[in-house]
2 protein chains.
Amino acid sequence: MDFEIAEQNVVDFEKINKIKKILPQDELIFEMAELFKVFGDSTRMKIISALLEEELCVGDIAVLTNSTPSAISHQLRVLKQAKLVKYRKEGKIVYYSLDDEHVRQIYEKGREHVEEV
Amino acid sequence: MDFEIAEQNVVDFEKINKIKKILPQDELIFEMAELFKVFGDSTRMKIISALLEEELCVGDIAVLTNSTPSAISHQLRVLKQAKLVKYRKEGKIVYYSLDDEHVRQIYEKGREHVEEV
DNA sequence: TAAACATATGAACAAATATTCATATGAAAA
DNA sequence: TTTTCATATGAATATTTGTTCATATGTTTA
């Protein structure tokens, strides 16, 4: 009696296991997704665009983005938590600036993709 | 009678107008945010991670990501709409692969940021 | 010290979105 | 042609998330 190898719907375990070994840890994937999530909002992208030029205070960013200082403050907190911006205080004014060269690089790559497709 | 220049809470219009001229169009900002939004989900990031290695069918991706074929199919639609993946059909099986070198570049920059911070 | 101001923060609400479930479509096998 | 299978799709649900509003904090000016 001969036996057959079921070919049809059996997943290719060799292929899958090979890739499974190569895939990054779930934790890393999660953190990358969290990072890109920060870029995935128009208001935050506007803030980043503006900060690419120079450091700005909350009020100026609010004017530039047609938002309220409160909304901007909330979004700056998100950017801060993601380590994308840093700040310095000068009296009651708080100046924000980009914290990392990756921000510029990720921004540029995104822009290239959007402009080319 | 002398007049004073109000210094305190008056926004710096020169500075703001200068930056306003440099900022990208709202439409471009929006599209960039939409692009990054696609990267901003763990399931989609896993799919992208896997496709960085080689083309895969829906079923294999479902196994690799511990998701259902249905959930994966929905997410592949999102990736397709963002022009990040392409596909080819072979009978009833559909093979997906990355559509653009930018995907790899954006992915790598994100990974660098996460691993360094 | 009191008033004005810049920014931050918490709660509430509205909008966006990922997954699930049921079902549809279309292709290969029986 | 009937069944089985791979993938797709629509509706419903649950969760996440951005903004608003009211208020708090801390700093400067009157």
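Only this structure's heavy atoms are used, side chains among them; waters, hydrogens and symmetry mates stay out.
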Euclidean distance, atom [atom1] of residue [X] to atom [atom2] of [N] [Å, nearest integer]:
X	N	atom1	atom2	value
E34(A)	dT17(C)	CD	P	15 Å
N66(A)	dG18(D)	CG	P	18 Å
F39(B)	dA18(C)	CZ	C1'	18 Å
L56(B)	dT7(D)	CG	C1'	15 Å
Q75(B)	dA16(C)	CD	C1'	14 Å

Side chain to side chain donor-acceptor pair (under 3.5 Å) pairs touching residues 24-35 of chain A, sequence neighbours excluded, are E34(A)-K37(A)

Donor-acceptor contacts under 3.5 Å from residues 107-117 of chain B side chains, at least two apart:
{"residue": "Y107(B)", "atom": "OH", "partner": "S49(B)", "partner atom": "OG", "Å": "2.8"}
{"residue": "K109(B)", "atom": "NZ", "partner": "Q105(A)", "partner atom": "OE1", "Å": "3.2"}
{"residue": "R111(B)", "atom": "NE", "partner": "E115(B)", "partner atom": "OE2", "Å": "3.2"}
{"residue": "E112(B)", "atom": "OE1", "partner": "H102(A)", "partner atom": "NE2", "Å": "3.3"}
{"residue": "H113(B)", "atom": "ND1", "partner": "D100(A)", "partner atom": "OD2", "Å": "3.0"}
{"residue": "H113(B)", "atom": "NE2", "partner": "A82(A)", "partner atom": "O", "Å": "3.4"}

If you look at every strand shown and take non-hydrogen atoms under 4.0 Å, does T68(A) touch a base, only sugar-phosphate, or nothing?
sugar-phosphate

Got a sec, which residues hit ring pair (Phe, Tyr, Trp, His ring centres under 6.0 Å) with F30(A), two or more places apart in sequence or on another chain?
none

5'-most contact on DNA chain D (nearest-nucleotide basis), T43(A) vs G91(A), goes to T43(A)

Check every atom of dT19(C), dA18(C), dA6(C) against the side chain of I93(A) and return the nucleotide holding the closest atom.
dA6(C)

With the side chain of K92(A) defined as its heavy atoms from C-beta on, choose the nearest nucleotide among dT28(D), dG18(D), dA6(D).
dT28(D)

Along nucleotides 8-16 of chain D, 5' to 3', which nucleotides get a B, which get an S, and which get a -, given that the test is a protein heavy-atom distance under 4.0 Å?
BBB------

Would a distance-only check, ignoring hydrogens and angles, find a side-chain to backbone donor-acceptor pair under 3.5 Å from N17(B) to F13(B)?
yes

Donor-acceptor contacts under 3.5 Å from residues 64-73 of chain B side chains, at least two apart:
{"residue": "T65(B)", "atom": "OG1", "partner": "I61(B)", "partner atom": "O", "Å": "2.8"}
{"residue": "T65(B)", "atom": "OG1", "partner": "A62(B)", "partner atom": "O", "Å": "3.4"}
{"residue": "T65(B)", "atom": "OG1", "partner": "S67(B)", "partner atom": "OG", "Å": "3.4"}
{"residue": "S67(B)", "atom": "OG", "partner": "T65(B)", "partner atom": "O", "Å": "3.4"}
{"residue": "T68(B)", "atom": "OG1", "partner": "A71(B)", "partner atom": "N", "Å": "3.1"}

Run the salt bridge (charged side-chain N to carboxylate O under 4.0 Å, His left out) test against R77(B) and tell me which residues pass, sequence neighbours left out.
none

